[in-house]
Amino acid sequence: MIRAATLREPGGASRGMGQQQAYDPYFSHWADIAARRVVAAHPDRRPIVVAAGITPSGVVHVGNFREVMTVDLVARALRDQGVPIRFIYSWDDFDVFRKVPADAPEQAMLTENLRRSVADVPDPFANDPANPVGPRDSYASHHIAVFEASLAPLGIEPEFIRQSKAYRAGRYAEGIRRALEKKDVIRAVLDQFRTEPLPESWLPLAGFCRSCGRDRIDFGWDGDWFVDMSCRDCGTKTRVDLREGGDVKLPWRMDWPMRWAYEGVCFEPGGKDHSSAGGSYDTAKQIVGPVFDWVAPEYVPYDFVRIKGGGGKISSSAGGAVTVADCLEVYEPEMLRWIFASQRPNSEFQISFDADVIKLYEDWDRAVATAHAADDGKNDKKRAVVRRTIELSRLVPGRIEPGSEPVRVPSFRPLSMTLQIYDGDLEGTLEHYRRTGEVGNEAEAERLRLRAVRVWRWIEQHAPEDFRYRIRDTPATEALSGEPRAILARLVAVLEASPDCREEDLVPHLKTMCEGTSLSAQDFYPYVYELLIARPKGPKLTTLLSTMGSTRALPLLRAGLA
RNA sequence: GGGCCCGUAGCUCAGUCGGUAGAGCAGGAGACUUUUAAUCUCUAGGUCCAGGGUUCGAGUCCCUGCGGGCUCACCA
């Protein structure tokens, strides 16, 4: 028997079954604790099935991503504890298209397709040249493709299942029939929480008209395998043999527990909208046993993700949703995992694109350093938690050896400065770090590239104005006069005399530059910044000058002497 | 109406099987001087919302109350 199978909650299922497995403090993360709960609830079932599910009824945003990330962390924790798993991801693309997103193209076409299945609505992005995934066979397929593509860089590789295909293939025939047979049980569960009870004639069915594709249908059931559908819109009548499949499905509150049973799901999280008393998890939990003969999976409710400054929850229908791909523009993949891994699931948090990004990068670097630090007997417990969180955040599973060295990478703030001096030129920036010795091998070079492209995108797209500068393309047109002009002449002379001047050599010159005048260096700096970057302030001048080089600096400075 | 979450330093928050209250920023002192929210060292600062309970021991677990937020009760 594998080791993990004997893990139990202390004092729990292991009673009377021989020695009790000791609590292993190494598995200290919330995902580890959830994993132990799952193993305790399903001691004999292997592999353990963990599941995520999302409706692609619009842009799949970073809030939806929390669902997948939560499952991935628990999946990773289970594997680390030696448990074989199967990670399934159900695309609920047999859902009704209810609302046209405000920012979607082809508004008229989409409006025409309301009330059809999102798997049958045409792809409005098919002719969009900026569409990264190319034309797809439906609205749902487009959003699915975009999201699946963004998961790959994060090391998340579930087995994807499309509900539209599963239902249409008749795979859930048995499930639908059981729901029909036990419809009174289901109705009783749902009626506990409804303001108005379901009518006596209610059937646990939903679906789409074969002719017009819309979902306003009256259903009948022959008590066996046949369902009759009558479309209220176009009047088409259809008879479906459940065993062959068709455009018939179970409504969400029955669909969920049916799929738990079908796949043998042992763990699945849910958003807070599913997690209240009377919410869909609550009713599904009551339905799954009597109707589908399975137990509710171990559950973790997760809260929403907010976007800093966005005000309110992310909505895919309101437009302007922030996607995982958007986050990966600014955050390193492991860092994005870490942002989710370091938050308890049931707490809300924000993803920032403003100046908080800097602090987050600094926190991340510090956490990585802490994770790699050797234990010293003082803060080992805290360090262990940080270390475990970083392990779960890494793309490749594996333990971090205390006292090992992480791959070096420049911190965000100085890197942003250097990048701006090089005008975003990645290879030039890399060369600079090679010269300074901060990049010494190919691994460090790769590490720098990963970060530098994101820092640069942040500078270009999100950074506060104070943080940005750009070296002038064309020299200033107004020359200086008086004392500033005299000091500038000295500076120009220094650079002309030693064009390859290193930063350390430049420092004394800048200190003595203003001697004999009424100005201090602080008074003079703004003139230089104006000539170089057309702003009154900028990065440390010695760094700026030595990094950009005399060849580039001198023409700009001489403009002040014209 | 039901359920969940939050209430900890001036601010934002961490505190993961209960074991001497923590970080970042802001503040104060010093060093350095280098100007994007520079860096380093040191320092101050809390009735952990209130009340009760369990415990040798509670920020942590249980109950009650107050304040704030979210969610379900139509669909998914």
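In what follows, chains are A, B, ... by sequence order, proteins preceding strands, each numbered from 1. The shown structure was predicted, so the numbers you read here are calculated from the model rather than taken from an experiment.
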> How long is the line joining CG of A:D273 and C1' of B:rC74, in whole Å?
Replying inline: 14 Å
> Ring centroid separation for A:H462 and A:F353, is it under 6.0 angstrom?
Replying inline: yes
> Looking only at atom C1', what distance separates B:rG59 and B:rA14, rounded to whole Å?
Replying inline: 12 Å
> Could you state the CD-P distance from A:E196 to B:rC75, rounded to the nearest angstrom?
Replying inline: 11 Å
>> I want to confirm an ordering. Mapping A:S275 and A:E348 to their closest nucleotides on RNA chain B, which one lands closer to the 5' end?
In response: A:S275
> How far, in whole Å, is B:rG53 from B:rA9 if one measures between their C1' atoms?
Replying inline: 29 Å
> So which nucleotide does B:rG67 pair with, by the Watson-Crick or G-U wobble rule with both distances under 3.5 Å?
Replying inline: B:rC6
> B:rC13 and B:rU8: how far apart are their C1' atoms, nearest whole angstrom?
Replying inline: 9 Å
> Looking at A:F219 and A:L205, what are the two nearest heavy atoms and their distance?
Replying inline: CE1-O, 3.6 Å
>> What is the distance, to the nearest angstrom, from the NZ atom on A:K272 to the P atom on B:rC5?
In response: 10 Å
>> Is it the case that atom OH in A:Y527 sees more than 12 heavy atoms from other parts of the structure closer than 6.0 Å?
In response: no
> Between A:E362 and A:S411, do the side chains contain an N or O donor and an N or O acceptor separated by less than 3.5 Å?
Replying inline: no
> Which whole number of Å gives the distance between the C1' atom of B:rC63 and that of B:rU55?
Replying inline: 16 Å
>> Working to the nearest 0.5 angstrom, can you tell me the gap between A:M417 CE and A:T429 OG1?
In response: 11.5 Å
> If you measure from the C1' atom in B:rG68 to the same atom in B:rC49, how many Å do you get, rounded?
Replying inline: 11 Å
>> Does the structure show a Watson-Crick or G-U wobble partner for B:rU39, both distances under 3.5 Å? Name it, or say none.
In response: B:rA31
>> Please give me every residue in residues 251-263 of chain A whose heavy atoms get under 4.0 Å of an atom in RNA chain B, ordered by residue number.
In response: A:P251, A:W252, A:R253
> Which nucleotide in the list B:rG2, B:rU16, B:rA76 gets nearest to the side chain of A:A277?
Replying inline: B:rG2
> Within this structure, what is the CG-to-P distance between A:D303 and B:rC70, rounded to whole angstrom?
Replying inline: 11 Å
> Which part of the nucleic acid, if any, lies within reach of A:Y525 when heavy atoms closer than 4.0 Å are counted: base, sugar-phosphate only, or nothing?
Replying inline: base
> Looking at the side chain of A:S276, which of B:rG3, B:rG24, B:rC5 is the nearest nucleotide?
Replying inline: B:rG3
> B:rC75 P sits how many Å from A:F193 CZ, rounded?
Replying inline: 14 Å
>> Which residues pass the ring-ring contact (aromatic ring centres under 6.0 Å, His included) test with A:F65, not counting sequence neighbours?
In response: A:F340
> Taking the nucleotide of RNA chain B with the closest heavy atom to each, which residue, A:D95 or A:H29, is nearer the 5' end?
Replying inline: A:H29
>> Can you identify which nucleotide, out of B:rG24, B:rA76, B:rU71, has its nearest atom closest to the A:R366 side chain?
In response: B:rG24
>> Does B:rC74 have OP1 or OP2 under 4.0 Å away from a side-chain N or O of A:T195?
In response: yes
>> In whole Å, measure the gap between the C1' atoms of B:rU47 and B:rU43 for me.
In response: 24 Å
> If you count the non-hydrogen atoms of other residues, nucleotides and ligands that lie under 6.0 Å from NZ in A:K183, is the total more than 12?
Replying inline: yes
> In terms of side-chain heavy atoms of A:R413, which of B:rA37, B:rA76, B:rU71 is nearest?
Replying inline: B:rA37
>> Please determine whether a side-chain nitrogen or oxygen atom of A:R194 lies at a distance below 4.0 Å from atom OP1 or OP2 of B:rC75.
In response: yes
> What distance, rounded to whole Å, do you find between the two C1' atoms, one in B:rA37 and one in B:rG27?
Replying inline: 16 Å
> Taking the C1' atom of each, how far is B:rA73 from B:rG3, in whole Å?
Replying inline: 11 Å
>> Just to verify, what does A:F147 make a ring-ring contact (aromatic ring centres under 6.0 Å, His included) with, not counting sequence neighbours?
In response: A:W91
> Nearest of B:rU16, B:rU35, B:rU36 to any side-chain atom of A:Q420?
Replying inline: B:rU36
>> For A:W260 and A:W256, take the angle between the two ring planes, folded into 0 to 90°, and tell me which bin it lands in: parallel under 30, tilted 30 to 60, perpendicular over 60.
In response: tilted
>> Checking base pairs now: Watson-Crick or wobble, both atom distances under 3.5 Å. What partners B:rC17?
In response: none
>> Measure CG/A:L419 against P/B:rU36 and give the value in whole Å, please.
In response: 17 Å
> Counting side-chain heavy atoms from C-beta on, which of B:rC72, B:rC75, B:rG3 comes nearest to A:R98?
Replying inline: B:rC75
>> By the 4.0 Å heavy-atom rule, please label A:D92 as base, sugar-phosphate, or nothing.
In response: sugar-phosphate
> What is the ring orientation for A:W458 with A:F412, classed by angle as parallel under 30°, tilted 30 to 60°, or perpendicular over 60°?
Replying inline: perpendicular
>> Tell me the interatomic distance from A:E362, atom CD, to B:rU36, atom P, rounded to whole angstroms.
In response: 13 Å
> A:M417 side chain: which of B:rA76, B:rG2, B:rU36 is closest?
Replying inline: B:rU36
>> The side chain of A:R344 is closest to which nucleotide in this list: B:rA76, B:rA73, B:rG15?
In response: B:rG15
> With respect to the side chain of A:I358, which nucleotide from B:rA37, B:rG24, B:rC75 is positioned closest?
Replying inline: B:rA37
> What is the distance from NZ of A:K99 to P of B:rC74, rounded to the nearest Å?
Replying inline: 20 Å
